[in-house]
Amino acid sequence: MRELELYYGPQHLGMVGNFSITLNVEGDRIKKATANPGYLHRGFEKLMECRTWMQNFPLVCRINVVEPDHIELIYSMGVEKLAGIEVPEKGKYIRSIYLELARVASHLFGLWAYSNMLGFDTVANWAMYHRDLILDLFEELTGARVYHIYIRPGGVRRDFPDGFEDKIIETLHTIGGKIPDYNSTFFDNRLFKKRTKGIGKLDRENAKKMGAVGHAIRATGMKYDIRKIEPYAAYDQVEWDVPTRKGGDAYSRLLTIRDEMIESVHMIFKLINKMPKKGTVYTKTPNPFKWKIPEGDAYVRCESSRGELGLYIVSDGGKKPYRAHFRTPSYSHGLTILENILAGEDIADVGNIMMSLYVVAPEIDR
Amino acid sequence: MDRNKLIKWIKTPAKMGNKYSLHAVYFCTGCGIIEIPPTITTRWDAERFGVTPAATPRQANLFLITGYVSLKTLKSIIRTYEQMPEPKYTVGFGSCPINGGMYWDSYNTIKHLDKYIPVDGWIAGCMPRPEAIFIAVTHLWKMIDNDMADGYKKYRNNYDQYRANQEKVLGSLDWPPLFK
Amino acid sequence: MNDLKQKIEMAFDSIDINIPEDNRMIINISKDGVISILSYLKNAGYEHLALISCVDLINENEFELVYIVSAYMKRDDEFHDREKQNIIIKTRISRKKTRFMTVINIFENAEPYEREIYELFGINFQGHPRLKPLFLEIEYEMPPFRKNFDTRKFVDDMFGNIPEIEGH
Amino acid sequence: MHISEIILSPLLALIVGVFFLGLSRKIMARIHWRYGPPITQPVIDIIRMFSQKSVSHGNLFNFGIIFSIAGSIAVVLFIPFGRIHPLSNSGGLLVILYIMLLAPLGIALSSGEAANPNSSIGISRKLLLTLGYEFSLLLILLALMTHYRTISITEIVALQQKGSWSLFRLPLVLPGIAYILILPAILGVRPFEISKAPQEISSGPMVEYGGTYLALAKIEHAFAIVIGISLFVNLFLGGANNLAFFFLKVLLVFILGIFINAVFPRLRTEQAIKYLFGIPAFLAFLGLVITVLI
Amino acid sequence: MSLALILIVAFSGAIITYLAGKVSSKLRKTIAVVFSLALIPMIALLFGKNIETPLFEFLGLRLILRINNLAWIFAIAISILSSLSVIFSLIYMKGKEKVDFYYFMMLFINAAMIGIVFSGDLVSFFIFWEMMSWATFLLISYKRGPALAAGIKYIIMSIFGSMAMLIGILFILNTQGTLIISQLAGNINLSLYNTIFIMILFSVAFGVKNAILPFHAWLPPAHSEAPSPFSAILSGILIKMGTYGFILLLYVIVGVQKLLSLPGFTIVINILATVTIIFPTFVALIQEDAKKLLAWSTVAQAGYIILGIAFGTSLSVTGGIFHFINHATFKALLFLAIGAVEYRTNGVRDLNSLGGLIKQMPITFVAALIGACGLIGVPLTNGFVSKWFIYKSLILNKSPFLAFFALFGTWGTILYSFKLIHNIFLGQTPEKFKSIGRAPFSMQLPMIILSLAVIIFGIFPGLPLKAINSIVVSFGLESLNINLWGLASSTGALNTINIFTAISAGILLVWLLSKLGSKAKSVNQDDTYAAGTSVPQDRYHYTVEFYKPLYRVIRPYLKDIVDIFYTLLADWIKKISSKLRKIYNGYVGNYVMYIILFLAILIFVQLKWSLW
C-alpha cells in the first residue's frame, strides 16, 4: 500500500474545466499521473455531420469556451478553402483585430486561473475584471459576451460600429495602465518566482517529441508561431515580434503569455492604424440552406492563444460536412505532456503546471 | 403565544442562514463555468449576496449545474450531490441541462437533468449572463422563504425512482444506495 | 515541396503523391508503408505530428486513416519554407478487419489520438500500451463515430425512455 | 479569578474573532476592487452551517473538533485581555504553549478519522509548519522569559507596563522582529496557508467537515486568530490596561496580516519550512544569545 | 517484609514458572501471573521504610540489601509494569515457540532488576546488573536470525559498559576501602580528577544501558526484534536502570555538594542529554516500523530524564524522576498497544500497511492515544507535568538553550506520535483488516490500567510528586511546595486541576453548542470526498513518507554518525583480527570466555599488586 491514489478533479477547486487527473502519489511526490478526460465529450464532430455548413457555426464555437473565436476562424478558413472563397481586405483586418482581442481576453482568463492556483486572489480578481472589459467590447460588436459567432465564411458578420476603434484603444489603454501593478504584485513577486521557477520543466527535445505548440514551445526559445509561419488574416501586414523565453518551465511559460499579451495589444494598435477605412467586410455566400460545397478535403491551421489549432475537414459535395476533425492544442498539452511532466513533481504544483500549460478541458474532449 | 408562531420564530434564523449564505460547489460541468469567474470576482462580486465557491461538496449547499451534462459527468454530479449536506439547492444553468439544448441529438449528453437529480430552478439561455445568476439567487431566496426549494426532500422521498433512472443510463453505480 | 516529392518517390515505390496547393502534400500509401514513410519524414525533419484522424468511408467499406505531419523550425528565429508545409498521409484499411499498427514509437503524442480512434471508430492499434476508453463512460453497441451509428435514433431509444419523476 | 471573567473572556474572544473573519473578508474584497460581503457574513455562515445536516465518520470525528475548541477556550482563559486574565496564574507561558497544541491536535485527530488523504496531507503540512514556526517561537519566548525572569505572562505584561514595550527593549528587538516575521505562519495566512490550500488539497483537514462540524471549525479558526495575535500583543506590544485599547492593538496587527495575505501567493511546504528555519530562526537565536549575555 | 524474601520469591518465581511450563501451559500462566502479582503488595508494604540488611560476605566484601524511597519507587514501578507485561503476554505469546524460556526470562529480568534497586553495595549491584544484562541479551536474541545480530550488538556494548563499571568499582574499593553505598554516600574523598575519572567510568556503564548518545546504537534493533510485552519492559523500566545508576552516582555516591563543584561534568552530561533529545526525535520521524519509531522515541525521552537529573536543581530532579515514572507508564502503554495491533494483524508493524483500525480496535486506539498524549506532554497527562518541571527549572536557571532543545524536541515528538496514531488507527482500513476483532481482555486490561495511570498522574500530579519530593530532599536539595494539583511558586505556578476544569468545562460547553446544530448522519469510510468519484480500494490512505518535505530539508543532517562509526570500527577490528580468526570466530560463547578470562586477570592483578 505504498502508493496513494489521489483524484485531482473533476470536482476540485484547483481544476479549471471539467477534467480529472489521477495522481499516484508517494509521500507528496507524484509517481505517475493519468489524465482522465471525457467529462465534456459531446461528440461534436459527429454532431457536425448532421448539420449543414452554416448550422455548424453555433456548434463549433462551443468547442472551446475560453476562446471560441479562433475555432470560428478555423472553421471559416476550412470552408473558405474548400469552397474557394476570398476574404476582402477590410474583413481580414477586422478578423485580426478581433482575434487579437480574443487572445488578450483568453490570456487574462489564463492569468486568472493561474494566479488562482497559487492562491493569489488579488491578481485573479484584477485579471477577471480586465477580461470583462474586453468582453464588453465583444458584446457591443457582436451582441454576445461569450459565444460571438462573428466570423463567417468570407469575412466577418458586420463592420465595426462608429467609433469602435477608439473604444478598443481606450479599453486597452485602461488595461495597459495596470501592467505595472500586475508586474509588481505578480510577475516580479519573489514568492511567485519561487513557486514557478523550475516547475514543470519541458526541454526542447521533449517538447518536440510530445508535440508541444504555442507558448509551451515558445518558452523553450523557439519562435514557433503559425501567425508568422503561415500568415492568415492580416498578420503579414504589420510588423510584430514573437516573444520567447529560454527556461521551458512554468515561469517562462507565464512570462511568455504576459509578453504575448503586450505584443498583441501593440499589434492591435498597428492594425487599427493600417486598417482600410472603407470597403466590404465579407464576400457574399450562397443561400445557407442550399449551400453545397465541392468534394475534397483540406487541412487549415491557425495560432490560438494556446497554440496551433488545426482543422481537417472533408466534404463529399453535399450540404453537410462529411467529416471534421479539430486538432486542438490542449490535446497534446493536456494528455501527453501533462502526464509526462507531472511525474516527479509535488502535489502542490499540479494545478500550477496544468494552468501554465493552459490546458482547457472542453478542447480535449470536444 | 401561538405554538406555530414560536416554531416559525425558531426556524427563521436557519432560513435566513440558508438564504444569505449560499456556498456553491465548484464543479465546471460545462461551458457555463466561463461565466462563474466573472460572477464571483470584481465585476459582479457574488460575495455581496453571500455566494462563494466552496472547496468540497460537504461544505456547500448550492449546486450550480453549469451547462450540458455528459454521462461521465452525470456520475460525478450524482456523487457530489449525494455528498452535500441537507438542505441543498440545485440550479440548472443554461439550456442544456433543461432539455439538452443544442446537444439534443448528442449520444453522450443527458437531456433532462431533473430526471436524475432534483433541480430547484433553471436559468435559461446559452450563455446566461452573470446577472441571470443573481436573479436566480434572488428567486431561490423567495423559494426558500416559502419552503418551495425542496428538491432534496424530493430526492429523499423518490430516491428509488431517481436511482433507477441513474442506473438506466449509467449501468451500475460504484456506491451503495444513499437511502434504503 | 517538389524536391521532397522527388525524394520520396525515389525512396518509395508504388506511392501516390500530389500537391493540391502550396505547402500541402497528400501522400496516399498502402497500409504497410505507413510506418516507414512516417519515420522517413521524421528523419527528414518533419517532427511534429499535428493530427491523426480517421474518416469512415462507408460507401467504399473502408476506413481512411489520416496522419498530418509538419516541421518545427530549424533555427529559433528564422522562418523557412519547411515549416509551412503540411504533409497529409492517407491510408485505407478495411471496415471488416479493423486492425492497424501503432505509431507511438515514432511520434509520442500519437498515443491519445490512437486511443481516441480506437474508442470512437473501433480501430484496434496493435502495440498500443493502453487501449482503454478515453472519453466514454458507457459502452455503446457500436463505436459512435461510425457512419452507421445513428445518434438521433440512439438518443430517442436511450433518453426518450427515461421516465419523469412522479410524486412528491 | 472571578467567574464573570471566566465567562467573559471566551465570549469576547469569540465575538472579536468572528468580527475579524468578517472584517478580513471585507478588506480582502476591497483590495480586490470588490464591494465585499456584509461584515456579518461569517455569523450568517455559521448559522447556516449549524442548520445543515452533515455526515459523521465516527466518535473521534465528533469529539476531536469539540476537543479542539475546548482547547482554544482554555488558552483564551490563560491569555490576558487587558485586565481580564482569569487563569493566567495556573502555569504561565509554558502551559499556554502546550494548550495551544490541543486545538490543532483535536482537528488533526478528528479529520484523521474522515479517512481522506487530503485531510491527512493537510495535517501533515500543518504539523510541519508548526514545527517550522515553533523553532523561532520557542527561541523568542525563551528570550522573553529569560529577560523577564518569569514564566508568567501577566508578570511580563506588568513589567512592560512599567517600562517600555518589549519590541523596543534592547535585547528583545531581534526576537520581536522574528515574531513579526513568523506571525503569518502562526495565523496560517498566505504565504503560509499551506495546510488548507483549497486549490491543492481541497481545504485539507476541513475536507470532510460539513454542517455543524464546519461551523465549529470556523469558530475554532476565529479563536485561533485572536489567540495568535493577542499573544503577540501581550508579549511584545505591552498588552494594555483596558479592553478597548488591547483590541485596538490586536486589530492593527490583524489588518497588517490581511495585507500580507493579499499580496503573496502560497508557498510550497518545504519552502515554508526553509524560510522559517532561515531568517526568523537566526534573528530569534541571535536575540536569545544577546539576552543571555546581557 | 524481608528484602531477601522478596528477592527469593522473585527468582524462584522465574524457576518455578519454567518448570511448570514443562507440565502444562495453563499452570505456567497461572504461576507466572501469581508470582508477578505477588511482588506488588510485598514491595508496596515497604513504602516509606528505610532498611539495610546484610546478606553474606564474599571475598571480604559484605553484600547488603537495603531499601529507601528512591529504591521503593523504582521497585514498585518494576513490579507493576512487569506483572502487566506478563498478563499481556498470556495471549500475545500463545502459539509461539519457546514460551517457557520467555516467561522464565521475563520473570528473571524482573527479579534481577529488583535486585539492582535493592542492592546496598556496589558488588551486589554489579552482580544483579550482569544478570539483567545477560538475561536481556538472551531474550532479545531468542528468535535468532536478525534478532541474534541485534542481541550481539547489545551485549557487546553492554559488556563494554560493564567493564567500565567494574574498573570503577575496583577503583572505589581500592581508594575508599568500602563498597557499601550508605558508607560511601556523601563522604567519598577523592581528588578532583579521580572523581571525574570514576564518574566517566560509571557514566559509560549507565549511558549504555540508558541508551543516551553516543551509546544508543543497540536500542532500535533490539526493540524491533524483541516481543512487544518485553519491549514495554525494556523501554519502560529496563533502560531506566541506567537512570537509577545515574541518580545513585550523582546524588548518593558523589553527592550534591561535590557535584555542584564539578560544573564541567554536568554540562557535558546536559549537552549529551539534549543531543539525545533532538537527534533521535528526528530520526524517529522517518521510521516506518512502529516499534523502531517507539524505540527511537525511548532514546529521546531518556534524554529528558537524564537532563532533568543531571541539571541538579530540585525542580529538575523532581521532574526527571517523575518523568521516569511517566515514561514507564506511557511508553509501556504504547508498546502494549502496538503489541495488540501486531497480535490482531498477524505481526504487521509496518506503518504503511496499516490504517483505520480505530473502528476495529477502539480501546486499543484510546490507549495508544492516551499514551501518545503522555509522550507529547499534552496537558492533563502526566508527561506534561514532568516536562513542565524540567523546562521551568531550565528557564529559570539561565539555561534557555537547553530549554529550547528540550522544548523543540517536544514538537518533534508531536510529529512522530501523530504519525504513529494516524498511520495505524486513522484513515482508510485496508480490505484485509476490515474484519479483525478487538484485542482480547487480558490485553486490554494492562492498557486500561496504564491509561488510567497516565491520566490520574496528569490531573493529580501531587500524589507521586510528594513521594519524589521526599527523595529529592534526601539528596540534600531544597524542598518544593508541592500540592495535589502541582506546584505553588512565585515564579509561575502550575495548577493542573484548573487546567482540567477549564478544558472539561470547555468541552462541556462546546458539546452543548454542537448539540444545537442539526444531527449528523453516520457514514462509512468509503463515503468520503474523492473529487466527485468513488474511493479506490486500499489506495486511499496517506501514510508513506508522511513528513517528506521536512525530510528533504533536514536530510543531510540525519545520518546516524555514531552507528556508522561503530560499524566502521567493527569492520576495522575484523580486518585486523582476520589473522587471529582461530580465536575470534564470532561465536558468542567464546566472547563470554574471553571476558571472564579478562575479568579474572584483572582481579588477579588487583589482588596481587593492588594497582588501583
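Each chain gets a letter, A, B and so on, in the order the sequences are listed, and its residues count up from 1. Keep in mind the model is a prediction, meaning the values are calculated, not measured.
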For this session: Can you measure from CD1 (E:Ile503) to CG (E:Leu380) and round to the nearest 0.5 angstrom?
Result: 4.5 Å
Exercise. Hey, are the side chains of D:Leu276 and D:Leu129 touching, using non-hydrogen atoms and a 4.5 Å cut-off?
Worked result: yes
Exercise. Can you say whether E:Lys548 sits under 4.5 Å from chain D via the side chain, the backbone, both, or neither, judging by heavy atoms?
Worked result: neither
Problem set entry | Which of E:Ala505, E:Gly412, E:Gly377, E:Gly356 touches chain D most, by non-hydrogen pairs under 4.5 Å | E:Gly377
Problem set entry | Check: D:Ser124 and E:Tyr542 side chains under 4.5 Å, non-hydrogen atoms | yes
Problem set entry | Segment of E:Lys387 engaging chain D (4.5 angstrom heavy-atom cut-off) | side chain
Problem set entry | E:Ile421 versus chain D, the contacting section by heavy-atom distance below 4.5 Å | side chain
Seminar exercise, completed: From the list E:Phe433, E:Phe418, E:Phe365, ring-ring contact (aromatic ring centres under 6.0 Å, His included) partner of E:Phe425 resolves to E:Phe365
For this session: Check whether the side chains of D:Thr212 and D:Ser54 place a donor and an acceptor atom closer than 3.5 Å, and report yes or no.
Result: no
For this session: Just say parallel, tilted or perpendicular for the rings of D:Tyr275 and D:Phe192, cut-offs at 30° and 60°.
Result: tilted
For this session: Check whether any side-chain heavy atom of E:Thr501 sits under 4.5 Å from a side-chain heavy atom of E:Ile497, and report yes or no.
Result: yes
For this session: Kindly state whether the ring of D:Phe135 and the ring of E:Phe408 have centres lying under 6.0 angstrom apart.
Result: yes
For residues 93-106 of chain D, please give each side-chain donor-acceptor pair under 3.5 Å, one per line with the distance, not counting sequence neighbours.
| unit_1 | atom_1 | unit_2 | atom_2 | d |
| --- | --- | --- | --- | --- |
| D:Tyr98 | OH | E:Tyr391 | OH | 2.9 |
| D:Tyr98 | OH | E:Thr410 | OG1 | 3.3 |

Exercise. What part of E:Asn524 is in contact with chain D, defined as an atom under 4.5 angstrom from a non-hydrogen atom: side chain, backbone, both or neither?
Worked result: backbone
Exercise. With a 4.5 Å heavy-atom cut-off, do E:Lys392 and E:Leu315 have their side chains touching?
Worked result: yes
For this session: Sequence neighbours left out, what pairs pass side chain to side chain donor-acceptor pair (under 3.5 Å) with at least one residue falling in residues 62-73 of chain D?
Result: D:Ser56-D:Asn62, D:Asn62-D:Tyr213, D:Ser72-D:Glu220
Exercise. For chain E, which residues from residues 196-210 of chain D have at least one heavy atom closer than 4.5 Å to it?
Worked result: D:Ser202, D:Val207, D:Glu208
Problem set entry | Residues E:Ser386 and E:Asn326: side-chain donor-acceptor under 3.5 angstrom | yes
Exercise. If you tally heavy-atom pairs under 4.5 Å against chain E, which of D:Gly112, D:Ala74, D:Pro10 wins?
Worked result: D:Gly112
Seminar exercise, completed: Greatest number of non-hydrogen atom pairs under 4.5 angstrom with chain E, of D:Thr269, D:Thr146, D:Leu216, D:Leu288, falls to D:Leu288
Exercise. Which atoms of D:Phe61 come close to chain E, meaning under 4.5 Å heavy atom to heavy atom: side chain ones, backbone ones, both, or neither?
Worked result: neither
For this session: Go through the atoms of E:Leu550 and report whether side chain, backbone, both or neither lie under 4.5 Å from a heavy atom of chain D.
Result: both
Exercise. So, do E:Lys359 and E:Thr429 sit near enough that their side-chain heavy atoms are less than 4.5 Å apart?
Worked result: no
Problem set entry | Side-chain heavy-atom pair E:Leu354, E:Pro430 within 4.5 angstrom cut-off | no
Problem set entry | chain D contact via E:Leu407 - side chain, backbone, both or neither, heavy atoms under 4.5 Å | both
For this session: Counting only heavy atoms closer than 4.5 Å, note whether D:Leu131 contacts chain E via side chain, backbone, both or neither.
Result: both
Seminar exercise, completed: Given E:Ala520, E:Ser514, E:Gly506, E:Pro362, the one with more heavy-atom pairs under 4.5 angstrom with chain D than any other is E:Ala520
Seminar exercise, completed: Whatever's closer than 4.5 Å to a heavy atom in chain E on D:Val75 counts as neither
Seminar exercise, completed: Whatever's closer than 4.5 Å to a heavy atom in chain E on D:Ala114 counts as backbone
For this session: Specify which of D:Leu60, D:Asn118, D:Ile123, D:Ile121 makes the most heavy-atom pairs with chain E at under 4.5 Å.
Result: D:Ile121
Exercise. Roughly how far, to the nearest 0.5 Å, is the OG1 atom of D:Thr291 from the NE2 atom of D:His147?
Worked result: 7.5 Å
Exercise. Checking heavy atoms, do the side chain of D:Leu137, its backbone, both or neither come under 4.5 Å from chain E?
Worked result: neither
For this session: Counting only heavy atoms closer than 4.5 Å, note whether E:Phe404 contacts chain D via side chain, backbone, both or neither.
Result: both
Exercise. What part of D:Ile66 lies closer than 4.5 angstrom to a heavy atom of chain E: side chain, backbone, both or neither?
Worked result: both
Exercise. In chain order, what residues pass the ring-ring contact (aromatic ring centres under 6.0 Å, His included) check against D:Tyr133, with sequence neighbours excluded?
Worked result: none
Exercise. Taking every heavy-atom pair that is under 4.5 Å apart, which of D:Leu139, D:Ile69, D:Ile73 has the most such pairs with chain E?
Worked result: D:Leu139
Problem set entry | chain D contact via E:Leu369 - which portion, at a heavy-atom distance below 4.5 Å | side chain
